[in-house]
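Just follow the structure's listing: the first ligand is 1, and inside any ligand the first atom is 1.
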Amino acid sequence: MSIKRLRRLRSSAALREIVAETSLSVNDLIYPLFIKPGTGIREEILSMKGQYRYSVDMLSAEIENIKNAGLKAVLLFGLAGHKDETASESCLDNGAVQEAIRLFKKHAPEIVVMTDVCVCGYTSHGHCGILRDGIIVNDESLVLLQKMALSHAKAGADVVAPSAMMDGQVAAIREILDANGFSNTAIMGYSAKFFSACYGPFRDAADSAPQSGNRSSYQMDVANTNEALREIEIDEAEGADMVMVKPAVFYLDIIARAAQQTKLPIAAYNVSGEYAMIKAAAEKGWIDENRVMMEMLLSIKRAGASLIITYFAKDAAKLLKA
Ligand code: PBG
Ligand code: ZN
């Protein structure tokens, strides 16, 4: 009998390493950060152990940490000091996120600064667009996203990332950026963003939960694959430079399908709920946090993502260096 002996290539660490089909690098990781108006703020987010909200004056030390970890990219989220119907604080030239972008560009110009473009943290009702008679009005919401994206580009953002799931958001932002001389600012579309229950900890962190209703009229139904592929195709046609699948781990099948369809870089968002579940289980002593973290990140690469937005970025970078 001739046994097919696949174990031959598993017999030493070096053999396993040279035949490994997928690998993880610090270059793959994007670190999300929460920026809050005010001064002297460095507060831990209860639902996301190890993650903090920073005011701009407290950010310099963290920029150093990010640099020292070898990370190449961050994704900035803003909190609001004052919320209103039209998210007016989201596009201020001297807003918290806009100032944070400038600080990154001053202290670490080599780090790629990406920004989340969505108004839910800035609207009084907590929805990702303009709310009228219980409906999120698509085309008027695009104007808010345009203003916000332009303010980020003016402050020096390298990549703006619209996450509101409004139809036409990528085209609208491309148009306003080009019209104002920012044709080099890239767009990463949150193309296939699902109506997931895994965003809960983030909404605590960014204070962005909807006050009434939910996001099911704009975020994608969890059941759908073809629709996700259409979202990606449309964002690509509208001028996106990168596309995204979000969440990551519950949607590895979507990442794999997207990788067959598009030639653009695919980012996957390893979201707050996916982070919190691992943190909580590790705290209980039920899993080995580092091993589960690395296995999870590698699975996202294996599915076909080229970039991973993850709250684990600093921890993973440390292990990859060691
Ligand atoms: C804002 C936004 C959300 C996330 C990223 N951008 C929350 C939401 O859509 O409710 C979630 C990120 C995470 O859970 O880590 N639209
Ligand atoms: Zn939003």
Side-chain angles (χ1 to χ4, degrees), residues 29-35 45-53 74-80 83 85-87 89-91 97 114-131 136-138 141-142 144-145 147-149 152 159-167 169-170 173 188-222 231 244-251 267-280 296-297 300 307-313:
L29 305 174
I30 300 169
Y31 187 54
L33 274 174
F34 298 94
I35 315 295
I45 299 158
L46 283 177
S47 52
M48 297 172 70
K49 268 202 106 221
Q51 307 304 313
Y52 296 79
R53 300 183 197 91
V74 293
L75 176 60
L76 305 183
F77 290 92
L79 283 94
K83 298 177 190 246
E85 294 276 301
T86 55
E89 210 178 284
S90 66
C91 58
V97 166
M114 306 184 169
T115 59
D116 185 83
V117 176
C118 191
V119 293
C120 50
Y122 299 90
T123 50
S124 39
H125 45 72
H127 278 288
C128 304
I130 289 179
L131 177 67
I136 314 301
V137 193
N138 193 86
S141 301
L142 296 179
L144 302 188
L145 300 173
K147 283 190 195 161
M148 187 177 182
H152 293 175
V159 182
V160 294
S163 70
M165 288 301 279
M166 294 298 120
D167 290 329
Q169 60 183 8
V170 170
I173 288 173
M188 174 169 73
Y190 277 68
S191 310
K193 177 175 178 179
F194 287 87
F195 178 58
S196 169
C198 295
Y199 307 149
F202 174 95
R203 290 180 190 169
D204 280 350
D207 186 25
S208 65
Q211 297 303 301
S212 65
N214 60 44
R215 306 209 201 289
S216 55
S217 78
Y218 42 107
Q219 297 183 347
M220 273 194 54
D221 193 296
V222 165
E231 286 280 6
M244 193 199 296
V245 174
K246 176 185 175 186
V249 183
F250 287 24
Y251 297 82
Y269 200 138
N270 184 207
V271 299
S272 57
E274 295 171 331
Y275 175 81
M277 284 185 245
I278 289 181
K279 282 288 181 187
M296 177 178 67
L297 295 175
I300 299 168
L307 293 162
I308 307 170
I309 301 154
T310 180
Y311 304 99
F312 282 118

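The atoms of ligand 1 that sit less than 4.0 Å from any heavy atom of Tyr269 are 12 (C), 15 (O). For ligand 1, the atoms lying closer than 4.0 Å to a non-hydrogen atom of Cys118 are 16 (N).
In summary, the side chains of Tyr31 and Gln51 do present a donor paired with an acceptor at a separation below 3.5 Å, with no hydrogens or angles considered.
Contacts between Ser272 and ligand 1 below 4.0 angstrom, taking non-hydrogen atoms only, involve backbone and side chain alike. Contact annotation for Cys120 and ligand 1: only side-chain heavy atoms (C-beta onward) come within less than 4.0 Å of the ligand. Here Tyr275 has no heavy atoms under 4.0 Å from ligand 1, in either its backbone or its side chain.
Remark: minimum distance from atom 2 (C) of ligand 1 to any protein heavy atom is reached at Lys193 NZ, 3.4 Å. Residue, atom and distance of the protein heavy atom nearest to atom 5 (C) of ligand 1 are Lys246 NZ, 2.6 Å.
Between atom CD of residue Gln169 and atom SG of residue Cys128 there is a gap of 9.5 Å, rounded to the nearest 0.5 Å. Atom NZ of Lys246 and atom CE of Met165 lie 10.0 Å apart (nearest 0.5 Å).
Taking all atoms of both residues into account, the shortest heavy-atom contact from Ala149 to Val160 is O-CG1, 3.9 Å.
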Just list the side-chain donor-acceptor pairs under 3.5 Å for residues 200-211, sequence neighbours left out, or say none.
unit_1 : atom_1 : unit_2 : atom_2 : d
Asp207 : OD2    : Lys83  : NZ     : 3.3
Gln211 : NE2    : Ala209 : O      : 3.4

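With sequence neighbours left out, Tyr311 forms a ring pair (Phe, Tyr, Trp, His ring centres under 6.0 Å) with Tyr275. Taking Tyr122 as the reference, nothing meets the ring pair (Phe, Tyr, Trp, His ring centres under 6.0 Å) condition, with sequence neighbours excluded.
Neighbouring protein atoms of the Zn ion (ligand 2) (N, O or S, distance under 2.8 Å, waters ignored): Cys118 SG, Cys120 SG, Cys128 SG.
Ring-plane geometry between His127 and Tyr218 is classed as perpendicular, the angle between the planes exceeding 60 degrees on a 0 to 90 degree scale with a lower cut at 30.
Any N or O atom pair closer than 3.5 Å counts here, and Ser208 shares no such pair with ligand 1.
In this structure, of Glu274, Met165, Arg203, the residue bringing a heavy atom nearest to atom 10 (O) of ligand 1 is Arg203.
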